Number of protein chains: 2
Amino acid sequence: MTITRRERLRTATVSEIKEGARRLLVSGGPQAVSLRAIARDMGMTAPAIYRYFPSLEALIKALADDLIDELAATVTAAGEAAGDDPTAQLGAMARGFRRWSIEHPVEFGLIFGTPNPAFGDLQAECGPEDPGARFGRPYLATFLRLWERSPWPTPPRELMEAHLGPHLEPLWLSQGELPIEVAYTFLSGWSRLYGLVAMEVFNQLRWAVTEPEALFEVELAMFLIQLGAAPD
Amino acid sequence: MTITRRERLRTATVSEIKEGARRLLVSGGPQAVSLRAIARDMGMTAPAIYRYFPSLEALIKALADDLIDELAATVTAAGEAAGDDPTAQLGAMARGFRRWSIEHPVEFGLIFGTPNPAFGDLQAECGPEDPGARFGRPYLATFLRLWERSPWPTPPRELMEAHLGPHLEPLWLSQGELPIEVAYTFLSGWSRLYGLVAMEVFNQLRWAVTEPEALFEVELAMFLIQLGAAPD
DNA sequence: ACTGCGCGCTAACACTGCTTGCATAGTAAA
DNA sequence: TTTACTATGCAAGCAGTGTTAGCGCGCAGT
């Protein structure tokens, strides 16, 4: 079970390749990520990379996986740094998500943007360990804690169970049983957070708003109030 | 001012090129759109296309522009077919947006997805005739009609003017003066619509929901009720 | 009839992902 | 220590890409 020298070198090389890929991604966009460029940057030749990844697509996929973990860790840390109040935690996590996304727009695009068939359909497999599930878990956990402490108003339970209930099996499977009110509020909140941040990162709001942060803060405040937080 | 034969042929060729590009885009994703493939499909050679577009990037941009117009027309038509009630119109326009997006996922990605630097920063220019503005206008007009007929509850006006007001100049510029309540509700609603549809098209919901339409309908109903529509 | 512009072609350059075959260096067993 | 093996790198090459340069043909206007 000891780690041999070769394994150590190998994982180091794998990391170096992914780092190079990310550097190129950030500096030149997705099109700039080429095997030959990565290899050139690390003083290798392109075919050598095939000893570590079966294809460029697989490399990008591995990189995207790392990025999801990085984002999830950032969001979780933001929540933990926000004290004990679950609504404060949710606010901090939402802001953490937005901040990371704005500071890493190209990485955001890789994770949450157009699923490029050539860059691999990152959403092909969707078992309980789907990237989305890994990323949504901390949010869901916080919603659940808040719900158990003090429920908030939602649409009538029967209505949600009739319309939404039959289509939530994947969620139950990956996150365990949850009150449907929590599931609905999470999905609603997550789609609103995603929409606002994606529009900002993808420059889809510039024609209307100069400072998307203002809109974000208003929306966040409204959402948290709906969850029972005290207004500002 | 008459249209010469040459001009007629030229615009026909331009259309044929864009049609070929779209065909390739739909069948093989963004990566499949290559000058040589387009030219091959229409019995030409690649360099000939440079007589019509200065680069592949410009071609894609022109195509995206056409697609935005197609989508805007679809949405407007859906609204007009929904009768006189503005809330019904808004519902129909939202459903129209979702339907077109789902039926044309790759085109949706080109318009609203990751702004690929290599495919042109479609959001670089943002005057009053920005694509987003052209697309948002029909929605805004309908929101305004509804507001004048019967306002709905919103956050306090002073609060919105303090936080949002200073950052809405582009919106005023492109759409004229509007009550800030209308501007806010439009932006909020548009980001929610975008978020939900983008997540569905980009397969970002499959880990949680099998039938995103159900979630969409619930959210739409909640939003319209908030606007004063009668619940189902 | 002649001039010029519009348009399409071939050839070429500099890239890309990926495969094949060969050499080398490090590891592990005899 | 010697032998066998495996992991890793390389050069060469294939098929494809966007783009440029230069040539030639034919339609359009004078």
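Just so we're on the same page: letters track the sequence lines, and every chain starts at 1. Note that this is a predicted model, so its numbers are computed, not measured.
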* Examine B:W190 together with B:F97 and report whether their ring centres are nearer than 6.0 Å. => yes
* Asked: Looking at A:F135 versus A:F112, is the centre-to-centre ring distance below 6.0 Å?
  -> yes
* Structure fact -> Whichever of B:P47 and A:R51 has the more 5' nearest nucleotide on DNA chain D, that residue is A:R51
* **For atom CG of B:L24 and atom C1' of D:dG16, their distance in whole Å** => 14 Å
* Under-3.5 Å donor-acceptor pair between B:R10 side chain and C:dG6 base -> no
* Using atom CG of B:L56 as one end and atom C1' of C:dC15 as the other, report the distance to the nearest whole Å. => 15 Å
* Nucleotide C:dC15, atom P - distance to CD1 of A:I38 in whole Å -> 17 Å
* In whole angstroms, how far is the C1' atom of D:dG26 from the CG atom of B:L9? -> 13 Å
* To do: Would you mind telling me which of D:dG9, D:dT19, C:dG17 lies closest to the side-chain atoms of A:A48?
  => D:dG9
* Would B:E219 and A:R192 pass as an ion pair if we require N to O under 4.0 Å? -> no
* Asked: Would you say B:R40 reaches D:dT17's phosphate, i.e. side-chain N/O to OP1/OP2 under 4.0 Å?
  -> yes
* Picking from D:dT17, C:dT16, D:dA11, which would you name as closest to the side chain of A:S34? -> C:dT16
* Tell me what A:T13 touches on the nucleic acid: a base, only sugar-phosphate, or nothing, going by heavy atoms under 4.0 Å. => nothing
* Between atom CD in A:Q31 and atom C1' in C:dG17, what is the gap in whole Å? -> 13 Å
* Protein-nucleotide distance (B:E7, atom CD; D:dC27, atom P), rounded to Å -> 18 Å
* **Euclidean distance, atom CD1 of residue B:I49 to atom C1' of C:dC9 [Å, nearest integer]** => 13 Å
* Between D:dG9 and A:Y52, is there an OP1 or OP2 to side-chain N/O distance shorter than 4.0 Å? -> yes
* Asked: Do any side-chain nitrogens or oxygens of B:T45 fall under 4.0 Å of OP1 or OP2 in C:dG8?
  -> no
* Asked: Can you tell if the side chain of A:T13 reaches within under 4.5 Å of the side chain of A:R10, non-hydrogen atoms only?
  -> no
* Could you check how far OH of A:Y50 sits from C1' of D:dC10, rounded to whole Å? => 15 Å
* Structure fact -> The nucleotide from D:dT8, C:dC9, C:dA12 with an atom nearest the side chain of B:R36 is C:dA12
* **Cation-aromatic face contact A:R98/A:F216, 6.0 Å, 45 degrees** => yes
